[in-house]
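Let me begin by presenting the structure, written as structure tokens, before commenting on it.
Counting from 1, the numbers follow the sequence of the chain as shown.
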Amino acid sequence: MKLEEIIKGIAVSEMTGNGDKEISGINIDSRLIEPGHVFVAVKGTQTNGHAYIGKAIEKGAGVIVCENLPEALDENVTYVKVADTEDAVGKLATAFYGNPTSKLELVGVTGTNGKTTIATLLYNMFRKFGYKVGLISTVCNYIDDEAIATDHTTPDPITLNKLLGRMADEGCKYAFMEVSSHSVAQKRIGGLKFAGGIFTNLTRDHLDYHKTVENYLKAKKAFFDGLPKTAFALTNLDDKNGMVMVQNTKAKVATYSLRSLSDFKGKVLEDGFEGMLLDINNIEVNVQFIGRFNASNLLAVYGAACLLGKSPEEVLLVLSTLRPVAGRFDALRSPKGYTAIVDYAHTPDALENVLNAIHEVLNGRGQVITVVGAGGNRDKGKRPLMAQEAAKQSDKVIITSDNPRFEEPQDIINDMLAGLDKNDMRKVISIADRKEAIRTACMLAQPKDVILVAGKGHENYQEIKGVKHHFDDKEVLRDIFANE
């Protein structure tokens, strides 16, 4: 593809050199540059790409897109100056990969909790309808049935467009994608055209990056502000920020709720550890999910599928066959007669939701033992809140290690314990070794009790001092069960 075609969609303030160059790739990482590539110098949170322009040229970059031109210009290189490279890179990648979102219907899901569940269930549902479908999620990316490993909730713009381009080329009609607040703030979704957006909820998270809840809210809202009028914006009326999210959108607004009159209204009629009986828009349906928060997620899935043109009857039929996503309220039954639940809950609100769901089903018939930690090098302010939430709704709590990253596990545990009073401390112990913490919970559990192992969910590793060590909560539990 020629450079002049790729730069059509961006505002170029200055260009020196040949605009007729043939382009074979785009990169924001100078280490990945090959001859004929465009290098976009992005000012990131960790490093400034402008410092690597020389390296990129050494490796064969024929075009440099930057905000500040180098003092010495290479006569064999074309320099394209723009006001904001972070904004430009998504648009350049979209153009280079053939504008993939013009060839498929892309739906983005944003919010603190529920993104993975909703995006994955929509992916599973539309495959059951017989379509080829793409998925971009925290757990794994999929091009129909081909799994592609993922490192971020939302990949960088180049990886993202390459992935969407492959989905379009391989005949996917729909793609469902988690849209993180980071990806909006860092303009990773720039240039993409969405057919719809879904808002789940907003509670404290990622304040290590956004600094304030208001900034976090603005990042989420910017996604809806950018939706075209051809798209839908489906929002959760049960969240106080539900209507704030869509107040400036050009998209067609639709609502879902378990409490209020809405376009997609739901009610939990019966629940148990095997599933729930729901009323959705006055039709009863049995589902294989547990808890009000999952009832809300399923309403979002139902609403989005209807807004994409499916009939309510066929949506409900498939909804009844769907199973929970890996690491989201994953229930395992012990030979001793207690239940262990593995869940990704890693925010105070998510922990509250899962514990509420456990209590709704348990109904006082057994005790709740919670094993929980907090991630290192992330928002420290939520650590005491996580411990408080666990103590408030559990009979016993074991504070343990999660992904300590570059922090000492005991320092993180101490931050969590700092949120507890004397009464709380009577039912709390701390065990830094996560495997030992889970083993201890199993030793304490009696028939009919429920153990919640929170924080890691689908993850099969523990990140310690920059190294990922294999660790899987479900594997640990199964090993313990095998020896009971």
Going through the checks in order, is the side-chain contact (heavy atoms from CB on, under 4.5 Å) test met by Met177 and Leu160? CA-CA 10 Å; Met177 169 181 166; Leu160 186 53; 3.7 Å; yes
Dump the intermediate steps for side-chain contact (heavy atoms from CB on, under 4.5 Å) on Asn286 and Glu270, then the final yes or no. CA-CA 9 Å; Asn286 275 299; Glu270 294 172 18; over 6 Å; no
For Phe176 and Ile198, run side-chain contact (heavy atoms from CB on, under 4.5 Å): C-alpha distance rounded to whole Å, both residues' side-chain angles, the deciding distance at 0.1 Å, then the answer. CA-CA 10 Å; Phe176 300 100; Ile198 303 168; over 6 Å; no
For Ser401 and Ile412, run side-chain contact (heavy atoms from CB on, under 4.5 Å): C-alpha distance rounded to whole Å, both residues' side-chain angles, the deciding distance at 0.1 Å, then the answer. CA-CA 8 Å; Ser401 183; Ile412 300 169; over 6 Å; no
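Under 4.0 Å is where a charged nitrogen must lie from a carboxylate oxygen, and between Lys392 and Glu389 at least one such pair does. Arg378 has no carboxylate O lying under 4.0 Å from a charged side-chain N of Glu463, or vice versa, which leaves the two without a salt bridge. Taking the charged nitrogens against the carboxylate oxygens, Glu408 and Lys465 do have a contact shorter than 4.0 Å, which makes a salt bridge. The pair Lys427-Asp395 fails the salt-bridge criterion, with no side-chain N (NZ, NE, NH1 or NH2) lying under 4.0 Å from an Asp/Glu carboxylate O.
Contact of the Phe126 side chain with the Val318 side chain is not registered, since no non-hydrogen atoms from C-beta on lie closer than 4.5 Å.
Screening Thr255, Ile280, Leu234 for a side chain to side chain contact (heavy atoms under 4.5 Å, CB included) with Phe264, the sole residue that qualifies is Leu234. The side chain to side chain donor-acceptor pair (under 3.5 Å) with Asn403 is formed by just one residue from the set Glu459, Gln462, His469; it is Glu459. For the side chain to side chain contact (heavy atoms under 4.5 Å, CB included) criterion with Val368, the lone passing option out of Ile341, Leu362, Val397 is Leu362.
For the residue pair Glu360/Asn356, the side-chain donor-acceptor check at 3.5 Å is not satisfied. In summary, the side chains of Asn201 and Asp349 do not present any donor paired with an acceptor at a separation below 3.5 Å, with no hydrogens or angles considered. A donor-acceptor pair shorter than 3.5 Å cannot be found between the side chains of Ser262 and Ser257. Looking only at atom types and distance, the side chain of Glu484 has a donor-acceptor partner in the side chain of Tyr338 under 3.5 Å away.
More than 12 heavy atoms of other shown residues, nucleotides or ligands fall within 6.0 angstrom of atom CZ in Phe223. Under a cut-off of 6.0 angstrom, the local environment of OH in Tyr174 is crowded, with over 12 non-hydrogen atoms contributed by other residues, nucleotides or ligands. The 12-atom threshold is exceeded at CD1 of Ile283, counting heavy atoms of other residues, nucleotides or ligands nearer than 6.0 Å. Heavy atoms of other residues, nucleotides or ligands lying less than 6.0 angstrom from NZ of Lys267 number 12 at most. Around NZ of Lys336, the count of heavy atoms belonging to other residues, nucleotides or ligands within 6.0 Å exceeds 12. Around the NZ atom of Lys435, the shell of radius 6.0 Å holds no more than 12 heavy atoms that belong to other residues, nucleotides or ligands.
The ring of Phe224 has its center no closer than 6.0 angstrom to the ring center of Phe194.
Closest heavy-atom contact between Asp449 and Leu444: OD2-O, 4.4 Å.
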